[in-house]
Number of protein chains: 2
Amino acid sequence: MTQTPDSSSTRATALRGRLDEAPIERRALRDGVYDKLLELLLEGGVQPGQSLSIDGLARDLGVSPTPVREAMVQLEHTGLVTRAALKGYRVAPPLTRERMAELVDARSLLELAAVRGAIPLTDNGLLHLKAAHADHVVAAAEVKESQSQDDGTEWPALRRYYDADWAFHRTLFEHCHNSYLLQLAQSLSPQVHRMRQSAGHGVTDVDLAVAEHAAILRAATTGDVEATVEQMRSHLEGVRQRSLADSADA
Amino acid sequence: MTQTPDSSSTRATALRGRLDEAPIERRALRDGVYDKLLELLLEGGVQPGQSLSIDGLARDLGVSPTPVREAMVQLEHTGLVTRAALKGYRVAPPLTRERMAELVDARSLLELAAVRGAIPLTDNGLLHLKAAHADHVVAAAEVKESQSQDDGTEWPALRRYYDADWAFHRTLFEHCHNSYLLQLAQSLSPQVHRMRQSAGHGVTDVDLAVAEHAAILRAATTGDVEATVEQMRSHLEGVRQRSLADSADA
DNA sequence: CCGCGCTGAATCCTATAGGAAACTCACCGG
DNA sequence: CCGGTGAGTTTCCTATAGGATTCAGCGCGG
């Protein structure tokens, strides 16, 4: 059975405590296509400048061009692909050092504002942040394990690590009492992911990031706004350094 | 650079001075549909919550559903419409007072950062800002004239005024040496337009806005960063007051 | 040797058609 | 009186087809 009619509202309120976090999500084909293409672009399996044929992608994915077209409109907004009218879509050119610096600046602006709005955290917010950090630690361990094997299959672990990292930051945005900050940060997040992908960094960065996140979490626990801001600033400065360290601006 | 055909570079450079501002823009149908729908939503000709039927809009616009669908994906990202899978699109609910305050806060964060990055302006930037301000003054006069007639046709003038107002602010973003700030501000701008539309304000606000813009321009001319920041802060505080003054949070 | 025009295939863009799901509303049993 | 059920209609979602445009390759004239 595909759908849950859920006509009995009385029972719904009774279960509200259990399924408030899982709104049954019906997905059209275009959402799945979007996820697939996003994964492809973030993994770096396509060269910048390469053309992305609508019909070709539709054939490869086994769907018709219409949902692919919709997904491309969505991707166009992330900045990962560029569109030329009547000429199709192409993978966006790689980020230059200058653009990377701008990206980190813009992100810092949003993140520091989010911290100022989120601290002191509510009890619920603190729980979420702790959970996100714990997941980040686990993902970091998995990355280190997969990299020790070095069998070429480290991408899934890396992807999971990136998601956990972003989830930690996103938690702060979700509790900063300004929904637009979250929206803005999310619109920047694909570019941030791409930046990290282009500058393949080593295991040491993972440890540093985890340590800095831990410092942020400690400061957030105390409820000291300025201390948390300072830890976040330090973390973002680290991110900046590590990102710009090795960037072969093609 | 990837592939700039640019075969006739000699002639291109000869004409560079004349057509650098007018890149011939080929538009597909979906771009025109997007503009039409954006106009419709910003004008307020549709009630919040009203369903926007793909087929119906396609019939009304005299096109097929496919370009309408693409335009809706684009609109969905602006927050002016909401989408439920397998249920279609609806006009987004109106902004509550709280959301308006959040919006002004987020906008202020970006605008103040832009001023800090843009001042002191380059000669070119200063020229652009002056031109934008002059256009804003003209548009303001047109609004006052059209409102004195009060024949129900004030919308075109108001729309033009909004565009000129936003162009002034956008100029600062364009010269702040951070392309992502401009991108973020542009993603917020539809909501800002909608906010102004929902809170129908009078002629007096136009004069105030023009005066505050003039103050910003004067400070920017001197090249004093902090003075310009202060004028922008004052302006945005005025915007906040006027926006929240009359808001019938439905 | 270089620029120019032509031809063909590939691709984009739009229109149309059909299957599937959701909403409306009358009907009926309790 | 109220909740459940079923057909009918509307709408969304996807697939397919056709016209329009771009791009690559080739031959020709200057």
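Source: prediction; values computed, not measured. Residue numbering restarts at 1 for every chain, and letters A, B, ... go by the order of the sequence lines.
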- Query: Would you call A/L184 and B/L110 a side-chain contact if the rule is heavy atoms closer than 4.5 Å?
  - Reply: yes
- Message: Using a 4.0 Å heavy-atom cut-off to protein, can you give one letter per nucleotide of nucleotides 12-22 of chain D, 5' to 3': B if the base is in contact, S if only the sugar-phosphate is, - if neither?
- Response: BBBBB----SS
- Task: State whether B/Y180 and A/R107 meet the cation-pi test: NZ (Lys) or CZ (Arg) under 6.0 Å from the six-membered ring centroid, and within 45° of the perpendicular axis.
- Result: no
Taking distance alone, no hydrogens or angles, what donor-acceptor pairs closer than 3.5 Å link side-chain atoms of residues 73-89 of chain B to residues at least two apart or in another chain?
{"residue": "B/Q74", "atom": "OE1", "partner": "B/R30", "partner atom": "NH1", "Å": "2.5"}
{"residue": "B/E76", "atom": "OE1", "partner": "A/R30", "partner atom": "NH2", "Å": "2.9"}
{"residue": "B/H77", "atom": "NE2", "partner": "A/H77", "partner atom": "NE2", "Å": "2.1"}
{"residue": "B/T78", "atom": "OG1", "partner": "B/L75", "partner atom": "O", "Å": "2.6"}
{"residue": "B/T78", "atom": "OG1", "partner": "B/L80", "partner atom": "N", "Å": "3.3"}
{"residue": "B/R83", "atom": "NH2", "partner": "A/D31", "partner atom": "OD2", "Å": "3.4"}

- Is the shortest distance from a Lys or Arg side-chain nitrogen in B/R159 or B/D163 to a carboxylate oxygen in the other one below 4.0 Å? yes
- Query: CE/B/M100 to OG/B/S243 distance, rounded to the nearest 0.5 angstrom?
  - Reply: 7.0 Å
